[in-house]
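These numbers come from the heavy atoms of this one structure, side chains and all, not from hydrogens, waters or symmetry mates. Residue numbers start from 1 in every chain, and the chains themselves are labelled A, B, ... in the order their sequence lines are given, proteins ahead of strands. Predicted, not measured: the structure shown is a model, and the values here were computed from it.
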Amino acid sequence: MDGERSMKRRVVSAKKSAPRKKLPAKKKPVAKRPAPAKRAAAKPKLAAEPSQFATAAGGPWGKCFLPRKAGERRYWLVKSEPEVFSWDDLTAATDRTTHWDGVRNFAARNFLRDGMKHGDQVFFYHSMANPQAIVGICEVAREAYPDYTAFDPAHPGFDAESSPAKPTWFMVDLRAVDKMPSPVTLPMIKRAKALAQMALLRIGRLSVTPVTEREWRAVRALAKE
DNA sequence: GCCAACGTTGGC
DNA sequence: GCCAACGTTGGC
């Protein structure tokens, strides 16, 4: 345990959203939402099962949950804001390894909890950064286990609905393998035809996404240009 | 700073 | 199950 408290996938806490625009007049007025305290106490929805997610998404991403051939290795991408936890932070960590806490999105959690296996290779992407880019490669050093930062009321990742007996959120351990020879920036990724279907570009703003073997090779080739 | 995209909540 | 409100992500 290294005692760090950072959340790799930062939950921006201080920022307040701007007020919503006025709704068109045709929309009927709706009762006010309950007070935050009441909402916080409400039951969360059940998480979608990975198979459901795969079906609903209709894309190729469900494949990352399928059984593997012996020795099959799969590929992933994780995002982190370097101001919160950077590639350099990872390489400076004990054993170049850290627990990847802070994932608080069900789809991302499913990829992390049910998809990631020991030895899988993972791109490390800097978001909210200049440049926004894949900057390194790490690997899954430990498969999913409960994200204990969700149990700590003092931690920004606290979630009262998650308990040690029935954890909602999970983390893996990631170990730095190699820095990219050069950063593969978001514009480079967007320009590359081979990467047009990449989950990074296609599904929401997930902090954990699958990468196909073809995409993996394409990104690595971009770093060598 | 802006805002599109998307997830979640919860009244109905 | 629908959908308005609202919160967050994260590129621009």
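Between A:Asp101 and A:Met171, the shortest heavy-atom contact is CB-SD, 3.7 Å. Listed here is the closest heavy atom pair of A:Arg109 and A:Val103: N-CG1, 3.7 Å. Heavy-atom minimum distance, A:Phe106 versus A:Trp169: CE2-CH2, 3.5 Å.
For A:Phe106, taking side-chain heavy atoms from C-beta onward, the closest of the listed nucleotides B:dA5, C:dG11, B:dT8 is B:dT8. Relative to the side chain of A:Lys190, the nucleotides C:dC12, B:dG7, C:dG10 differ in distance, and C:dC12 lies closest.
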Pair up each side-chain donor or acceptor in residues 120-133 of chain A with any protein partner under 3.5 Å, not counting sequence neighbours, and list the distances.
{"unit_1": "A:Asp120", "atom_1": "OD1", "unit_2": "A:Arg68", "atom_2": "NH1", "d": "2.8"}
{"unit_1": "A:Asp120", "atom_1": "OD1", "unit_2": "A:Arg74", "atom_2": "N", "d": "3.1"}
{"unit_1": "A:Asp120", "atom_1": "OD2", "unit_2": "A:Arg68", "atom_2": "NH1", "d": "3.4"}
{"unit_1": "A:Asp120", "atom_1": "OD2", "unit_2": "A:Arg68", "atom_2": "NH2", "d": "2.8"}
{"unit_1": "A:Asp120", "atom_1": "OD2", "unit_2": "A:Trp76", "atom_2": "NE1", "d": "2.8"}
{"unit_1": "A:Asp120", "atom_1": "OD2", "unit_2": "A:Lys117", "atom_2": "N", "d": "3.0"}
{"unit_1": "A:His126", "atom_1": "NE2", "unit_2": "A:Trp87", "atom_2": "N", "d": "3.1"}

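A:Leu186 places its CG atom 17 Å from the P atom of C:dT9, with the value rounded to the nearest Å. The separation between A:Leu200 atom CG and C:dT9 atom C1' is 13 Å, rounded to whole Å. Note: CD (A:Glu81) to C1' (C:dT9) measures 9 Å, nearest angstrom. Across the protein-nucleic acid pair, A:Ile203 atom CD1 and B:dA5 atom C1' stand 14 Å apart, rounded to whole Å. When the P atom of C:dG10 is taken as reference, atom CG of A:Leu77 falls 11 Å away, rounded to whole Å. In this structure, A:Glu83 atom CD and C:dG10 atom C1' are separated by 14 Å, rounded to whole Å. Here C:dG10 presents its P atom at 18 Å from CZ of A:Arg202, a figure rounded to the nearest Å. One interatomic measurement links the two molecules: CZ of A:Arg205 to P of B:dA4, which rounds to 11 Å at whole-angstrom precision.
With hydrogens and angles left out, the side-chain atoms of A:Tyr145 and A:Asp173 include a donor and acceptor closer than 3.5 Å. The closest side-chain donor-acceptor pair between A:Arg104 and A:Ser162, if any, does not fall under 3.5 angstrom.
Side-chain N/O atoms of A:Lys79 include none lying less than 4.0 angstrom from OP1 or OP2 on C:dT9. Residue A:Tyr125 places none of its side-chain N or O atoms closer than 4.0 Å to OP1 or OP2 of C:dT9.
The C1' atoms of five pairs define one axis at each end of the helix from B:dG1-C:dC12 to B:dC12-C:dG1, and these two axes lie 10° apart (to 10°).
Annotation: side-chain hydrogen bond (donor to acceptor under 3.5 Å, both in side chains) contacts of A:Arg217 (sequence neighbours excluded): A:Glu213.
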